[in-house]
Amino acid sequence: MYSPEEAAALERRNFHSIREMIRLAYTVGFNLMEPTRWDRPLRVWTIVLSLSSLASLYGHWQMFMHYIEDMPQIVETVGTALQFLTSIAKMWYFLYAHRRMYELLRQARCHELLQRCELFSAISDLPVAESLRQRVSDIMQRYWGSTRRQLLIYLYSCIAITSNYFISSLASNLYRYFTRPHGTFDIVLPLPSLYPGWADKGLAFPYYHVQMYLESCSLYICGMTAVSFDGIFIVLCLHSVGLMESLNEMIADATSSLVPPERRVEYLRCCIYQYQRVASFAEEVNDCFRHITLTQFLLSLFGWGLGLFQLSVGLGNSSSITTIRMTMYLVASGYQIVVYCYNGQRFATASEQIAGAFYACDWFGESREFRQLIRMMLMRTNRCFRLDVSWFLPMSLPTLMSMVRTSGQYFLLLQNVNEK
């Protein structure tokens with residue numbers, strides 16, 4: 001479909017659309033570009049970050065035990081611990097599936113499935129070729145534009161909440177250091193945690209710096225691992241949707257007056273070959289994300305309820321800091337799961353339209369072989385593609401609404417426990 005010059009320009013444009021995600025991925029140890037000699041050091045950095053974050057669990061446990069009767073404090077401690085544990089799970093999964101994700105992302109970035117499509121070379125001498133090529137290019141460009149918009153919104157949401165935690169912690173400690181006598185104040189860490197043995201050390205080196213390092217690692221991977229890992233999902237999912245819509249455009253022209261009747265069977269066969277490639281790519285994307293996303297969905301199920309509870313506490317106490325922080329947290333975590341469910345719904349809807357595209361072409365006036373191929377494809381496309389959360393439920397808008405209702409019930413439960 002593309003000349004070598006066009007393919008190179010296309011790859012550069014697609015890289016530009018996701019460049020922030022690729023660069024951020026390096027900071028958490030993910031190389032999403034071609035393999036280099038730095039891949040091994042990057043993996044070591046991933047392990048260092050994840051182990052440092054796991055070490056901070058001690059501080060979260062001590063915080064939990066110290067404030068065992070303070071429900072708002074327990075809720076925030078548990079919520080942030082679950083968040084970075086989910087990020088650690090994603091980091092370790094990426095170590096296992098790095099090559100697989102890189103290959104899928106490379107295929108998407110280069111539009112490899114479209115370049116391998118025989119249809120455009122088979123109809124290069126027909127007047128329908130140029131218009132079809134332009135329509136397919138417009139579809140793919142539209143979905144890559146949508147990918148960039150979603151990535152930027154997600155990136156800014158995660159930067160806002162992580163910056164709020166870190167800057168408020170740093171500013172509070174500096175203010176207390178310069179305005180209060182040494183040993184008369186408690187330090188504030190980026191995430192709620194407590195190290196009893198160092199509680200009276202204040203900002204002394206190395207006690208404060210070790211605590212800040214551990215909690216900053218946990219905070220950083222919460223935001224940046226989410227953007228890097230979930231960003232890959234956004235790219236692959238929307239690219240798949242673009243491929244399905246492009247296939248529908250190809251199928252719609254199978255009986256066009258611009259395609260001679262004697263070449264329509266060959267045209268339809270090329271569409272079927274492309275369908276097989278798209279089906280294989282869609283299945284690969286589903287297999288890559290279906291199990292690891294279970295941790296994300298479970299976290300969101302509890303996290304929204306915890307966040308709503310913290311927001312209600314902030315509003316009840318007239319605490320603007322807690323209110324703003326929980327609002328940003330709900331926006332970021334809410335958008336995170338919306339990305340999965342909304343794009344999963346688009347994925348399933350685009351898949352369902354393939355069967356309609358085969359049926360909608362004027363097959364009833366074609367040759368026997370053409371009609372036989374159409375019947376075969378109608379049977380094959382009865383089983384639509386979809387993105388699953390493990391073996392339990394699909395990524396879809398009904399799933400999103402069920403999660404919202406369940407999170408509301410957890411919120412009410414926490415409210416009742418706190419009042420008692």
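Note that the coordinates shown come from a computational prediction; the quantities given were computed from them, not determined experimentally.
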Can the ring centres of His60 and Phe84 be said to be less than 6.0 Å apart?
yes

To the nearest 0.5 Å, atom OG of Ser50 lies from atom CG of Leu85 at 11.0 Å

ring-ring contact (aromatic ring centres under 6.0 Å, His included) with Phe233: which of Phe94, Tyr340, Phe347?
Tyr340

Note, Gln353 side chain near Met244 side chain (heavy atom, < 4.5 Å)
no

Run the salt-bridge test on Glu11 and Arg106 with the 4.0 Å N-O cut-off and return the result as yes or no.
no

Sub-6.0 Å ring centroid separation between Phe64 and Trp61
yes

For this output row, return yes or no: ring centroids of Phe229 and Phe289 closer than 6.0 angstrom.
yes

Can you check whether Asp253's main-chain N or O pairs, donor with acceptor, with Ser256's side chain at less than 3.5 Å?
no

Do you see a donor-acceptor pair shorter than 3.5 Å between the side chains of Ser193 and Tyr58?
no

Tell me whether Glu34 is salt-bridged to Arg109, with the criterion being a basic N under 4.0 Å from an acidic carboxylate O.
yes

Thinking salt bridges, do Arg386 and Asp388 make one under a 4.0 Å N-O criterion?
yes

Asp230 and Tyr154: CA distance, side-chain angles, deciding distance, side-chain hydrogen bond (donor to acceptor under 3.5 Å, both in side chains) verdict:
CA-CA 9 Å; Asp230 301 338; Tyr154 196 16; 2.6 Å; yes

Run Val259 and Ile123 through side chain to side chain contact (heavy atoms under 4.5 Å, CB included) and show every step you take.
CA-CA 8 Å; Val259 180; Ile123 64 171; 5.7 Å; no

If you measure from the Lys or Arg side-chain nitrogens to the Asp or Glu carboxylate oxygens, is any gap between Arg346 and Glu245 under 4.0 Å?
no

Do His291 and Tyr93 touch side chain to side chain, with heavy atoms closer than 4.5 Å?
no

One thing to verify: whether Arg13 and Glu6 come together as a salt bridge, which I'm taking to mean a side-chain N less than 4.0 angstrom from a carboxylate O.
no

Tested for salt bridge (charged side-chain N to carboxylate O under 4.0 Å, His left out) against Glu369, the lone hit among Arg375, Arg264, Arg269 is Arg269

For the residue pair Gln107 and Arg277, establish whether any side-chain heavy-atom pair is separated by less than 4.5 Å.
no

Looking at Glu112 and Arg116, does any basic side-chain N land under 4.0 Å from a carboxylate oxygen?
yes

Does some side-chain heavy atom of Leu238 sit less than 4.5 Å from a side-chain heavy atom of Trp144?
no

Which residue is it: Met21, Met224, Met91, Met101? I am looking for the one with a side-chain contact (heavy atoms from CB on, under 4.5 Å) to Phe30.
Met91

Which atom of Ser53 lies closest to which atom of Ile221, heavy atoms considered:
OG-CD1, 3.3 Å

